[in-house]
Q: 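Let me begin by handing over the structure; questions about it come next.
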Amino acid sequence: TKEDTATTLFINKTKMIVQDLSNTDSSTREEAGESFRKLSFTKKDVPLLQDAFLKSYHDDSLEYASTIHQLENKLEETGDSSNIAFVRQHYYSLPDSSRRKMLMIKLLSAQNTSSAVLLIKELLLTSPPILGSEYTFIYNLKDSLALAQSMFPESAKLFTNSLFGDGLISLAVTLADSGYIDNELFK
């Protein structure tokens, strides 16, 4: 009815859309996913997105374009500094086989702060992810070489890591070429 339309027009539907991402009905999930991709989120929505990030979804096995990847992208877009504390609180409780670990590293790398970079280094050294792609987090770290230099020399231990060692080598080479770290790191 006209009255129903008027009352729902001005209600924030963000929470309902996020909840519907895990709905058992596939058409509801699909519709929620379409709406979710179009939404812009504010810092007020960050706790909702963070909670949703920790849940399981029907498409978790997908490498790209999964619900969890889209949630990470939306968290990244908010630029909210609470994402650092969120990662610190939840990273170690994830199973090693969780793709969320690499997505959390990516989320941190987009923060572009010293505390985020130091946490990335800590997480990679103590509980490195075993699934995912390092490309984006390495690319993000190259955006601020002054911050990225704090990854070394400790992260050189990870040059042999089969998942992200090549990316760290590339970062270290860029840092060395730009004078941020010593070439002795490679000997």
Q: Nearest 0.5 Å please: distance from the CD1 atom of Ile138 over to the CG atom of Asp143.
A: 12.0 Å
Q: Check Glu72 with Arg100, please: is the shortest side-chain N to carboxylate O separation under 4.0 Å?
A: no
Q: Does the ring center of Phe36 lie less than 6.0 Å from the ring center of Phe41?
A: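 Phe36 vs Phe41: aromatic centres under 6.0 Å.
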Q: Side-chain heavy atoms under 4.5 angstrom apart, residues restricted to Ile, Leu, Val, Met, Phe, Trp, Tyr: same cluster for Leu118 and Leu158?
A: no
Q: Is the NZ atom of Lys157 crowded by more than 12 outside heavy atoms at less than 6.0 Å?
A: no
Q: Name the one of Ile120, Leu107, Ile105, Leu75 that satisfies side-chain contact (heavy atoms from CB on, under 4.5 Å) with Val87?
A: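 It is Leu107, the one option of Ile120, Leu107, Ile105, Leu75 that forms the side-chain contact (heavy atoms from CB on, under 4.5 Å) with Val87.
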Q: Looking at every heavy atom in both Lys142 and Ser170, which two are closest together, and how far apart are they?
A: NZ-OG, 2.6 Å
Q: Is the side chain of Asn183 donor-acceptor paired with the backbone N or O of Ala176 at a distance under 3.5 Å, no angle test?
A: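 Looks like no, no N/O pair under 3.5 Å.
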Q: Please name the pair of heavy atoms, one in Phe137 and one in Lys106, separated by the smallest distance, quoted to 0.1 Å.
A: CB-CA, 3.9 Å
Q: Give, for atom CG of Leu123 and atom CG of Leu108, the distance between the pair rounded to the nearest 0.5 Å.
A: 6.5 Å
Q: Verify, without hydrogens or angle tests, whether Asn83 (side chain) and Asp80 (backbone) share a donor-acceptor contact under 3.5 angstrom.
A: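 Pair found, side chain donor or acceptor close to backbone of Asp80.
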Q: Closest approach of Ser155 and Leu168, non-hydrogen atoms and distance?
A: O-CD1, 4.0 Å
Q: Would you say the side-chain atoms of Ser22 pair up with the backbone N or O of Gln19, donor to acceptor, closer than 3.5 Å?
A: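 Such a contact is found between Ser22 side chain and Gln19 backbone.
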Q: Do Met104 and Phe53 have side chains that approach each other closer than 4.5 Å (heavy atoms only, starting at C-beta)?
A: yes
Q: Is any side-chain heavy atom of Val117 closer than 4.5 Å to a side-chain heavy atom of Thr113?
A: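 Answer no - side chains too far apart.
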Q: Of all the heavy-atom pairs spanning Pro128 and Phe164, show the shortest one and how long it is.
A: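 It is CB-CZ, 3.6 Å.
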Q: To the closest 0.5 Å, what do you measure between CD (Glu76) and OG1 (Thr78)?
A: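 Atom-to-atom, Glu76:CD and Thr78:OG1 are 9.0 Å apart.
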Q: Looking only at non-hydrogen atoms, find the nearest pair between Leu163 and Pro129 and report the distance.
A: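 Leu163 and Pro129 have their closest heavy atoms at CD2-O, 3.4 Å.
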Q: Is it true that, when you exclude Glu122 itself, more than 12 heavy atoms of the residues, nucleotides or ligands shown sit nearer than 6.0 Å to its CD?
A: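 Yes - once you tally the heavy atoms of other residues, nucleotides and ligands closer than 6.0 Å, there are more than 12.
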Q: Begin from the C-alpha positions of Lys15 and Leu48 and carry the test side chain to side chain contact (heavy atoms under 4.5 Å, CB included) through to its verdict.
A: CA-CA 7 Å; Lys15 185 175 181 180; Leu48 176 69; 4.1 Å; yes
Q: Are Tyr139 and Ser109 close enough that a side-chain donor and a side-chain acceptor fall under 3.5 Å?
A: no
Q: When rounded to the nearest 0.5 angstrom, what distance separates CE in Met151 from CD in Glu154?
A: 9.5 Å
Q: Quick one: NZ on Lys74 to CD on Glu77, what's the gap to the nearest 0.5 Å?
A: 4.5 Å
Q: Quick one, Asn140 and Tyr135 - any side-chain contact, counting heavy atoms below 4.5 Å?
A: no
Q: Look at the side chain of Arg29 and the backbone N and O of Asn23, then say whether any donor-acceptor pair between them is shorter than 3.5 Å.
A: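 Here the side-chain-to-backbone pair exists.
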Q: Flag the pair Asp20 / Glu31 as yes when at least one side-chain heavy-atom distance between them is below 4.5 Å, and no otherwise.
A: no
Q: Return yes if some donor-acceptor pair links the side-chain N/O of Asp45 with the main-chain N/O of Thr42 below 3.5 Å, else return no.
A: yes
Q: Atom CG of Leu147 and atom OH of Tyr180: how far apart are they, to the nearest 0.5 Å?
A: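 It is 9.5 Å, given to the nearest 0.5 Å.
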Q: Classify the ring geometry between Phe152 and Phe159 as parallel (under 30°), tilted (30 to 60°) or perpendicular (over 60°).
A: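 Answer is tilted, since the angle falls between 30° and 60°.
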Q: What is the minimum heavy-atom distance between Val18 and Leu49, and which atoms define it?
A: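 Shortest heavy-atom separation between Val18 and Leu49 comes out as CG2-CD2, 4.4 Å.
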Q: Taking the side chain from Tyr57 and the backbone from Ala52, do they hold a donor-acceptor pair closer than 3.5 Å?
A: yes
Q: Assess, by modelled atom type and distance only, whether the side chains of Ser66 and His69 contain a donor and an acceptor separated by less than 3.5 Å.
A: yes
Q: Within the distance-only criterion (no hydrogens, no angle test), does the side chain of Ser178 pair as donor or acceptor with the backbone N or O of Thr174 below 3.5 angstrom?
A: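 Checking the backbone N and O of Thr174 against the side chain of Ser178, a donor-acceptor pair under 3.5 Å is found.
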